[in-house]
Amino acid sequence: MKEKENTGREFNPLKHRMVPNHEILSEDEVKNLLSEYNVEKEQLPKIRAIDPTVAAAKAKVGDVMRITRESKTAGIAYYYRMVIA
Amino acid sequence: MSALQKSIEEMIVGLKLPQNVIDNLNRELKDRKVTKKQMEEIVKRLNTGYDNAKIEAGEAAGVVSAQSIGEPGTQMTMRTFHYAGVAEINVTLGLPRLIEIVDARKNPSTPMMTIFLEKDYSHDRDKARELAWKIEATYINVLGSMSTDITEMKVLIELNKKALAQRNMTSEEIAGKIEEELGVSSEIKGDTLVLEPSKPSYRELLQLVKSVHSVILKGIKGIKRVVIRKEDSGEYVLYTEGSVLKEVLSIEGVDATRTRTNNVNEIFEVMGIEAARQALINEATDTLKEQGLNVDVRHIMLVSDIMTVDGDVKPIGRHGISGEKASVLARAAFEVTVNHLLDSGMRGDVDELRGVTENVIVGQPIRLGTGNVKLIAKKAT
């Protein structure tokens, strides 16, 4: 396969309508979250480090991301994912 | 703002309820006078109402979801093909499509993209058409006819001027593209391209004809057709047969915030796991709705959540969720029984009997609902 011409347009997944807002939690926020739900960090749902949103949000392996979903039932729903390799 | 209003607002902000419930409450409270005492009663009832509406701890939510999706599934048509709106694009619908979605197929049978255009393009038919030509894979057979000259051992391509002009292409461009792809230079004689095979043999000649046919002269490989449709809002939207999301998003004029595909795995690769989850929900609800079936979105959300918890899109079934169960007996009860039992026997696996299936097999109460609760009686002293 030959290389396709680069149009210089970088696609940002976070700007797409189907992608909810992703943000990295600070350490304190992670601590509060884990104590609120009484779970270990490893028990959180996962997100891969190769996920386009992880790169766009500049998250690292081990970070916890808060995802603000628009939910049909709850209006706004928060979801948390831990970045794994 | 009065002190009363302020304290009421503070009470609303302090509520630990979903946004929708709070929005409803605000709507009801608007243009209505409530005292602080009434407000306290409202909050109290709201909280008990919400607690009652929540699913019971220990409830078999997965089984309820499975039944709620499975039963309407029996009423779905076994094999339907449908045309997406006015555009004559074929999409798989009905039961086959639903199976495709929960199986998280890498290549769905009818991939399709919905391409939205940026402001400057979306209301201009000519610009939309131009973009459509840029996206649709163009082969030589739509631009002209090819013939072989056996006496001269040459391939002649007669180009159709109108077709070229329509796609804004020149004969030089085509000659260049063919040379780039096949390494065969061609002579341009008016509207005719003359190609010569590397060796003057009949076989080489036929081989050349074949490979010229497969050269993509313009557009993106994998996109068989592009249909332009004017939506009710007055904007032009492109529908494609075939899906190559990543490349399409990099084209100037394509709205990279709305353009989507029906291929969930492609969405996962380009936009990530959360978008894939949303795509699963959308595709499943649309498929069911199209068949006139109403399944509560919560059931579909549960399935999509399970498919995406681990960061990639996993199928339900033997190679996915059911195949990863910890219990040997649960896996053996599902599919390929002997293999699971044999492998586990050789490895010496232990079954902890935590799940439902394995407890049913050994004849114990399952650990769900009331079976999940253990009572310890205190000895009377």
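Please read these numbers as outputs of a predicted model, since none were measured by experiment.
Heavy-atom minimum distance, A/Ala74 versus B/Pro18: O-CB, 3.6 Å. Nearest heavy atoms, A/Lys72 versus B/Thr285: NZ-OG1, 4.4 Å. Between A/Ile84 and B/Asp310 the shortest heavy-atom distance is CD1-O, 4.2 Å. Minimum interatomic distance between A/Asp51 and B/Ile273 (heavy atoms only, all atoms of both residues): OD2-N, 2.9 Å. Between B/Met271 and A/Thr53 the shortest heavy-atom distance is O-CG2, 3.3 Å.
Taking a 6.0 Å sphere around CD of A/Glu27, one finds it holds 12 or fewer heavy atoms contributed by other residues, nucleotides or ligands. Within 6.0 Å of CD in B/Glu179 there are more than 12 heavy atoms belonging to other residues, nucleotides or ligands. Heavy-atom contacts from other residues, nucleotides or ligands closer than 6.0 Å to OH of B/Tyr139 number more than 12. Environment of NZ in B/Lys218: crowded, with over 12 heavy atoms of neighbouring residues, nucleotides or ligands closer than 6.0 Å.
Ranked by non-hydrogen atom pairs under 4.5 Å with chain A, the options B/Arg298, B/Glu269, B/Arg258, B/Lys246 are led by B/Arg258. Per-residue counts of heavy-atom pairs under 4.5 Å with chain A were compared for B/Leu17, B/Val270, B/Asp296; the largest is that of B/Val270. Contact count against chain B (heavy-atom pairs under 4.5 Å) is highest for A/Gly75 among A/Pro45, A/Ala77, A/Gly75, A/Ala55.
Taking 4.5 Å as the limit, some side-chain heavy atom of A/Arg81 sits within range of a side-chain heavy atom of B/Glu274.
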Legend entry - Stepwise salt bridge (charged side-chain N to carboxylate O under 4.0 Å, His left out) test for A/Arg69 and B/Asp305: CA-CA 12 Å; A/Arg69 290 173 176 171; B/Asp305 272 336; 3.5 Å; yes

Inset, instruction - Quick one: do B/Asn20 and A/Thr73 satisfy side chain to side chain contact (heavy atoms under 4.5 Å, CB included)? Show the steps, please. - result: CA-CA 7 Å; B/Asn20 271 359; A/Thr73 52; 5.7 Å; no

Inset, instruction - Could you walk me through whether B/Val309 and A/Lys46 pass side chain to side chain contact (heavy atoms under 4.5 Å, CB included), step by step? - result: CA-CA 6 Å; B/Val309 261; A/Lys46 313 289 190 298; over 6 Å; no

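Proximity to chain A (any heavy atom under 4.5 Å) is shown, for B/Val21, by neither the backbone nor the side chain. B/Ile267 touches chain A through its side chain: at least one heavy atom from C-beta onward sits under 4.5 Å away, while N, CA, C and O do not. Using a 4.5 Å cut-off between heavy atoms, A/Ile76 touches chain B through backbone and side chain atoms alike. Proximity to chain A is absent for every atom of B/Ala276, based on heavy atoms less than 4.5 angstrom apart.
Atom-to-atom distance recorded for B/Gln19:CD and A/Ser71:OG is 11.0 Å, nearest 0.5 angstrom.
With sequence neighbours left out, B/Thr170 forms a side-chain contact (heavy atoms from CB on, under 4.5 Å) with B/Glu172, B/Glu173.
For residues 11-26 of chain A, the interface with chain B (any heavy-atom pair closer than 4.5 Å) comprises A/Phe11, A/Pro13, A/Lys15, A/His16, A/Arg17, A/Met18, A/Val19, A/Pro20, A/His22, sorted by residue number. Listed by sequence position, the residues of residues 59-66 of chain A in contact with chain B number zero, using a 4.5 angstrom heavy-atom cutoff.
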Under 3.5 Å, which donor-acceptor pairs do the side chains of residues 30-38 of chain A form with other protein atoms, sequence neighbours left out?
unit_1: A/Ser35; atom_1: OG; unit_2: A/Lys31; atom_2: O; d: 3.3
unit_1: A/Ser35; atom_1: OG; unit_2: A/Asn32; atom_2: O; d: 3.0

